[in-house]
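Owing to the predicted nature of the structure, the values given are computational and were not obtained by experimental measurement. Proteins come first, then strands; the chains are lettered A, B, ... in the order of their sequence lines, and each starts at number 1.
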Number of protein chains: 2
Amino acid sequence: MPPTGSPAEPPAGPADHRPGKTPETRPTSKDVARLAGVSQSTVSLVHAGKWPGRVSERTVRAVNEASAALGYRPNQAARHLRLGTTRTVLLVVPALTNPFFGAVHTGASEAAARRDFSVVIYPSRIEAGTERAPFASPFAAAHTALDGVLASSTAVETLSELLGSTGPGPGLPLVMLDSEPGVGPATVNVDVAAGMRDLVGHLLDLGHRDFGRLTPHIDGWTFTARENAFRTALAGVPGTRSTRARTHFTVHDAAEAALTLLDRPDRPTALVCDDDVLAAGAYKAARQRGLRIPEDLSVTGFDDLIIATVMDPELTTVRLPAHRLGADGMSALLDLLDGRRPQDQSLPAELTVRGSTAPPPART
Amino acid sequence: MPPTGSPAEPPAGPADHRPGKTPETRPTSKDVARLAGVSQSTVSLVHAGKWPGRVSERTVRAVNEASAALGYRPNQAARHLRLGTTRTVLLVVPALTNPFFGAVHTGASEAAARRDFSVVIYPSRIEAGTERAPFASPFAAAHTALDGVLASSTAVETLSELLGSTGPGPGLPLVMLDSEPGVGPATVNVDVAAGMRDLVGHLLDLGHRDFGRLTPHIDGWTFTARENAFRTALAGVPGTRSTRARTHFTVHDAAEAALTLLDRPDRPTALVCDDDVLAAGAYKAARQRGLRIPEDLSVTGFDDLIIATVMDPELTTVRLPAHRLGADGMSALLDLLDGRRPQDQSLPAELTVRGSTAPPPART
DNA sequence: ACCAGGAAGTCATACGTATGACGGCAAGGA
DNA sequence: TCCTTGCCGTCATACGTATGACTTCCTGGT
């Protein structure tokens with residue numbers, strides 16, 4: 001037996017063990033380099049766009065052609081490893097079944113894409129019973145190291161509970177959306193107080209003095225802010241009155257809660273609901289009692305979801321800029337990642353008057 | 001000057017250049033190894049759970065304690081690079097503002113999490129004007145190599161256009177949801193035909209013979225299937241008639257389209273709408289013409305979105321199992337990734353009778 | 001003639017993990 | 001006593017990219 005090894009066999013130290021080795025491997029920068037007749041470094045330089053005097057234009061062309069020919073796409077895992085960054089941020093929202101957060105996501109994604117970042121969404125209500133220690137949590141769910149977090153309408157406590165155990169808590173760039181200003185590193189939120197003030201002003205102008213309030217059971221900064229703003233708005237006006245009913249976040253529960261308000265001897269002339277869904281419940285209750293909207297009863301919502309225009313009459317509500325919330329929040333987060341310190345921001349909420357409000361019925 | 005270099009300086013070949021070197025670096029498996037007094041290999045072995053005779057229990061404990069102490073979390077980028085897999089799949093949906101797809105996402109995410117996969121969602125309508133050649137597209141958006149794709153309610157052409165240029169087309173595991181069976185590698189869809197058949201049966205039983213159809217302008221397998229099923233259902237019954245109006249996917253447009261149907265001399269007694277949103281438009285039109293639902297006009301929807309219960313009266317519609325669609329679709333995709341060949345699946349659609357249907361008014 | 005300086009590339013390395021091959025060591029059989 | 005057989009770990013390496021240091025070549029100034 002001749003002492004010759006395989007002809008082109010590389011030295012192959014004691015442990016050369018590549019994984020799976022699929023028959024169809026994707027081209028790497030090395031393949032591009034070979035085809036273009038340059039070194040791998042050059043390929044990398046070209047793709048990074050860093051050749052203000054390092055690579056000739058002729059070579060750039062060659063590399064680009066070779067890349068195109070092979071259909072080369074850089075291996076993100078390798079980049080992430082090398083660069084120590086993933087250009088990915090997590091967007092935490094309460095639920096995806098609410099279109100409001102779909103809009104937030106869209107706004108955030110668009111802003112992120114412009115800076116070549118991408119967004120992974122995490123609905124915090126996903127029941128996690130099946131998660132496995134010790135790497136569970138959104139971070140595991142994202143399956144990627146994250147460069148930052150954007151949290152919408154989530155309590156800080158919930159969030160830190162969510163991220164706390166596994167996430168690099170204090171060090172992780174974080175922007176809170178639609179949450180209490182001043183808490184957390186940076187916040188972008190909606191001026192719901194102003195929206196509520198305008199809304200109540202509108203009702204007062206119409207002549208309403210007896211109010212019913214429909215608010216959700218769940219806590220959350222926005223809802224507290226809405227309630228406070230409502231009270232403040234009434235405080236300045238003599239002769240006003242209001243009663244509050246709390247409800248779960250469903251149409252049916254809201255309808256029942258609304259009934260308790262409508263069945264009071266001193267029935268309110270206007271129902272101010274903290275969300276459009278609750279307003280839908282109010283509509284239902286009104287119909288059950290034979291009250292016409294808006295002639296007998298004015299109803300208002302909040303958020304301006306699609307259902308506001310589905311309802312009949314169309315709902316007077318306060319529009320929240322969901323898309324912009326996501327976009328501006330992402331901008332703030334990117335600023336934070338750049339080392340700049342974004343300042344807290346407040347977005348306007350816009351009163352949208354439709355058909356569900358009118359002067360109160362004449363006293364009987 | 002003594003020839004002594006720095007005391008513990010490693011050999012340091014000609015090019016030892018680590019990137020950024022943040023002051024606060026996350027612990028790596030090497031750090032854990034040092035603390036536990038073992039080698040990095042051992043740490044890796046332990047975390048992989050592969051020690052049926054390679055690592056003693058005492059060592060396992062030590063490693064786990066060290067990991068916990070340091071708050072170690074494995075670097076995903078490094079794993080991805082080494083393993084050649086990301087355990088991430090892309091979910092393509094038409095839009096996130098439709099709660100239906102939120103439910104699909106939830107179902108898919110839950111199923112994925114059970115197998116330690118994660119889901120990145122991509123709304124295909126995101127306008128891509130700002131994307132940069134040559135690595136644009138969902139793949140760039142996902143910012144990660146993908147192990148597979150789940151595409152919901154998307155035409156194959158649209159999808160391949162989306163993925164085609166950059167994605168590894170034919171090789172990428174792909175499951176289509178709610179789309180034409182037989183096209184593409186594997187599909188999971190809803191038996192909308194049966195749903196429509198039941199729905200029409202319900203209306204026929206009530207005595208309706210004159211129908212109006214409200215269908216969306218956009219194409220898509222489901223809508224074609226719904227229309228065909230509707231026609232088939234009527235075909236067997238003598239004396240039936242139907243007129244169709246097409247509309248954009250908004251309440252207002254649908255209302256206008258519905259008006260054209262209601263203003264015909266042979267006004268239909270039932271409006272069969274291909275989506276709950278369109279049904280909302282029909283409600284609006286009916287009210288404009290002073291028609292009561294369901295006494296003067298029956299209206300039906302499709303999908304069973306939240307708005308179906310917001311409307312008054314509540315809408316008779318066909319419920320589609322969005323959550324299960326996502327879950328089963330993900331299962332199929334994971335099967336595909338395991339090398340198994342999932343068979344096409346069809347999920348049941350359930351007729352949900354509420355208050356918007358009744359016998360037609362007596363002939364005048 | 002010689003060197004400074006710039007332009008164009010290449011070299012070598014590290015990022016953090018996973019894993020096949022290999023090495024001690026103790027127990028037990030011959 | 002010596003060899004075999006497991007058990008417990010460690011070694012060395014590769015995954016694909018990005019980048020500081022280095023080399024080579026060329027032009028032009030003195």
statement: Contact check, residues 36-46 of chain A vs DNA chain D, heavy-atom distance under 4.0 Å, returns A:Q40, A:S41, A:S44, A:L45
- prompt: Of all residues at least two apart in sequence or in a different chain, which pass the salt bridge (charged side-chain N to carboxylate O under 4.0 Å, His left out) check with B:R58?
  reply: none
- prompt: For the helix from C:dA1-D:dT30 to C:dA30-D:dT1, what is the angle between the axes at its two ends, each from 5 pairs, rounded to 10°?
  reply: 70°
task: Could you check which of D:dA18, D:dG9, C:dG16 has an atom nearest any side-chain atom of B:T59?
output: D:dG9
- line: Nearest heavy-atom contact between A:F101 and A:S153 is CE2-OG, 3.5 Å
- prompt: Which pairs count as salt bridge (charged side-chain N to carboxylate O under 4.0 Å, His left out) when at least one residue sits in residues 40-49 of chain B, sequence neighbours excluded?
  reply: none
query: At under 4.0 Å, does any side-chain N or O of A:R79 touch on OP1 or OP2 of D:dA18?
result: yes
- line: Taken in chain and number order and not counting sequence neighbours, the residues that satisfy side-chain hydrogen bond (donor to acceptor under 3.5 Å, both in side chains) with A:D338 are A:R115, A:R340
message: What is the distance, to the nearest angstrom, from the CG atom on A:L83 to the P atom on C:dG16?
response: 12 Å
statement: Side-chain contact check for A:R54: nearest option of C:dT17, C:dT10, C:dA14 is C:dT10
- line: To the nearest angstrom, the CZ-P distance between B:R26 and C:dG16 comes to 10 Å
message: Output the rounded distance in Å from CD (B:Q76) to C1' (D:dG16).
response: 18 Å
message: I need the CZ-C1' distance between B:R58 and D:dC7, as an integer number of Å.
response: 14 Å
- prompt: Quick one: salt bridge (charged side-chain N to carboxylate O under 4.0 Å, His left out) partners of B:D147, sequence neighbours excluded?
  reply: none
query: To the nearest Å, how far apart are A:H80 NE2 and D:dA18 P?
result: 11 Å
field: Rounded distance in Å - CZ (A:R34) to C1' (C:dG9)
entry: 18 Å
- request: Round to a whole Å and report the spacing from CZ of A:R82 to P of C:dC15.
  value: 9 Å
- prompt: OP1 or OP2 of C:dC15 sitting under 4.0 Å from any side-chain N/O of B:T28?
  reply: no
- request: Can you sort out the partners of A:T187 under side-chain hydrogen bond (donor to acceptor under 3.5 Å, both in side chains), two or more places apart, ordered by chain and number?
  value: A:D344
A:T85-A:H80 side chain donor-acceptor pair, cut-off 3.5 Å: no
Listed partners of B:R341 passing salt bridge (charged side-chain N to carboxylate O under 4.0 Å, His left out), at least two apart: none
message: Which residues pass the salt bridge (charged side-chain N to carboxylate O under 4.0 Å, His left out) test with B:R34, not counting sequence neighbours?
response: B:D31
Length of the line joining B:H47:NE2 and C:dA18:P, which is rounded to integer Å: 9 Å
